[in-house]
Amino acid sequence: MPLRLGVKNNYLHLLEACIQSKSLTEAKKIHQHFLKNTSNADSSVLHKLTRLYLSCNQVVLARRLFDEIPNPSVILWNQIIRAYAWNGPFDGAIDLYYSMLHLGVRPNKYTYPFVLKACSGLLAIEDGVEIHTHAKIFGLESDVFVCTALVDFYAKCGILVEAQRLFSSMSHRDVVAWNAMIAGCSLYGLCDDAVQLIMQMQEEGICPNSSTIVGVLPTVGEAKALGHGKALHGYCVRRSFDNGVVVGTGLLDMYAKCQCLLYARKIFDVMGVRNEVSWSAMIGGYVTSDCMKEALELFDQMILKDAVDPTPVTLGSVLRACAKLTDLSRGRKLHCYIVKLGSVLDILLGNTLLSMYAKCGVIDDAIRFFDEMNPKDSVSFSAIISGCVQNGNAAEALSIFQKMQLSGIDPDLTTMLGVLPACSHLAALQHGFCSHGYLIVRGFATDTLICNALIDMYSKCGKISFAREVFNRMDRRDIVSWNAMIIGYGIHGLGMEALGLFHDLLALGLKPDDITFICLLSSCSHSGLVMEGRLWFDAMSQDFSIVPRMEHCICMVDILGRAGFVDEAHHFIRNMPFEPDVRIWSALLSACRIHKNIELGEEVSKKIQSLGPESTGNFVLLSNIYSAAGRWDDAAHIRIAQKDWGLKKIPGCSWIEINGIVHAFIGGDQSHLQLSQINRKLEELLVEMKRLGYRAECSFVFQDVEEEEKEQILLYHSEKLAIAFGILNLKAGRPILVTKNLRVCGDCHAAIKFMTVITKREITVRDANRFHHFKNGTCNCGDFW
DNA sequence: ATAGGGTTAG
């Protein structure tokens, strides 16, 4: 080094040169020399050295030096605050600002933009508002820089009224001020206001720049305001903004969000420069629009061409594609790839992975991954809770929900959209009530999606009138609300109410969708409304241009079959424009059982076996048909055939919620704490029932045992256990609600009627299909189920 | 400029 080190001015010159060239190694060298050769730290050298570290983005080193400087200048304070405001941590900037005040250093107009940027980064509204009052006191509020920073702060924090007030108060508004206001509107979804502001600024002679456009494009996309989007695109072309990668990506994303994937792709293809954001936006656009093939192809291209490295955003989009395709093996490969890349497994990507596992049906892997996630947030909990419900484990979902409450993470709206279906599944009314209360407290109870889930919850928990109350009080219903309410009436056997609601829907000029008709037809079938079913099935395609799907046909076969038009149902199946599947044959088989049509039952059963009988339900149906006809050998053969198929019988399980605790019973289960009381109660009931004329339906028992033993087996069916438990634990006269995973057994159906007479209680059983409301010795299903 | 969890259907 040619300079005579140790001389202060030489250091200063050298440092200034380094600041220009941003050379960190030089900086460190000089710093070392300086430490060695000077005993007393000179403030101006320390100032320059700090600035040098800042210019090299060495915030930690700069801070260490800064803290040694006895009286740093305002400029240096501003620079170090600026460094924290740009690179974080944001609270570092705010802390520095406060210590500056504390030391009696007066902030200037350059201080405020930096510290306010930190406040908006943290959404630290209270700090920002206080800092605003300081700026006022120092007479800086009317400064263009400061005021623009304040507008930006309030806009980013969503306090648009205050942003607007300050913005209006400004005498000179440059393009930056306008952009702050516009970006604020954009951030909070006020697309029209943002576009309006762009017009207004031009009227005032301020020309929108590329930041203006970039700031407004996200909200245009979100609002799917394609017209605005095209106008903005035109403006970009005229001003040649569209060559830039940021504007190009913004436009691409806007078109993708407006479902104009061809336009988006066109822009992507002609972009001169593409970065990882452009690729991610394009891939994400495909995934959101259900174009998985294109998304995966583009991702492969990105990897093969080695164009840019995949980011967590890219990987997240591809994982979502795997989830939608339930392509588990690709999902697992990606997981490995992410680990191998050493890519940041941030919480967003972790949640996407978790959800991918849940949606691909490997809930155990999802739970394992969830357990190991650290930290977890409300999204992680929501994902695993709804994952459990989707995979048929509502009890686990509620137990994780309890853990969530203990963990101190507040459930949000989406969490509750997973919790409510869990309550529905379990018919856990107490949990449902609590959830509803929580939703009211949090102000979520008016949300349409939440109300839809509440309607479903109340109707599946047996409280159809509460469901209707929620429906009535909604201020914005969508088609899902109507569908949920219609099927709610349906499963309660209230077919006329379902039809009435459907007519209300039409009278309001709303358009039913394909699911509305499934709900409606299913309601008709539960209530034996054959004529109405036929009418609306035909009207569906003729008047509403909805092509019947298999699901609609299943409902139709159900309607015809239950009502005794078994041959017509068979004819209906043969005339369908597509190949019948197992589910529709099962519906017919069920009709054969009700109407004891053995011949057709056998034929249908053969069809089912040739297709591969997905579930044991069909074997049970056929063997029921045989046993009802006294053909025990044939019934036995069916059970053997079932074993040959390797199908195990799903155990019947019933449960009842008492004081918020769900008690589950499996047929013949002898493990419950109150077992002896339950048994005594059942024996007691049996005596009374027999006195009233009950005879055990022994044809439902397939074991080769004595009649008396059959009676005992039937007595310990899960639904009877749960009811006895309810009688023991609920006050006299209180109604009982029991839920069963399969269809209620015929013997139990008969027995429960007697029980309502003996106990003078209403007993409701929700089975896999519908509600059975037992009262005074009858069931509202009319014995057809 | 890109990103995670979600309601209805036998």
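Within every chain, numbering begins at 1; the chains are lettered A, B, ... in the order of the sequence lines, protein sequences first and strands thereafter.
- Among residues two or more places apart in sequence or in another chain, the side-chain hydrogen bond (donor to acceptor under 3.5 Å, both in side chains) test is passed with A:E469 by A:R473.
- Taking atom CG on A:L334 and atom C1' on B:dA3, their separation rounds to 15 Å, with Å as the unit.
- For A:R468 and A:Y489, the side-chain atoms include at least one donor-acceptor pair closer than 3.5 Å.
- The phosphate of B:dA3 (OP1 or OP2) has a side-chain N or O of A:K257 nearer than 4.0 angstrom.
- We find that CZ of A:F241 is positioned 15 Å from P of B:dA1, with the value rounded to whole Å.
- Applying the side-chain hydrogen bond (donor to acceptor under 3.5 Å, both in side chains) criterion to A:D412, with sequence neighbours excluded, gives A:S378, A:T415.
- A salt bridge (Lys or Arg N to Asp or Glu O under 4.0 Å) check over residues 369-394 of chain A, counting only residues at least two apart or in different chains, returns nothing.
- Distance, A:D346 CG to B:dT2 P: 16 Å, rounded to whole Å.
- Here the P atom of nucleotide B:dA1 and the NE2 atom of A:H233 are 18 Å apart, to the nearest Å.
- Legend: residues meeting side-chain hydrogen bond (donor to acceptor under 3.5 Å, both in side chains) with A:R766, ordered by chain and number and at least two apart, are absent.
- The salt bridge (Lys or Arg N to Asp or Glu O under 4.0 Å) contacts involving residues 474-488 of chain A comprise nothing, where partners must be two or more places apart or lie in separate chains.
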Q) Quick one: what's the B/S/- string for nucleotides 4-10 of chain B, heavy-atom cutoff under 4.0 Å, read 5' to 3'? A) BBBBBBB
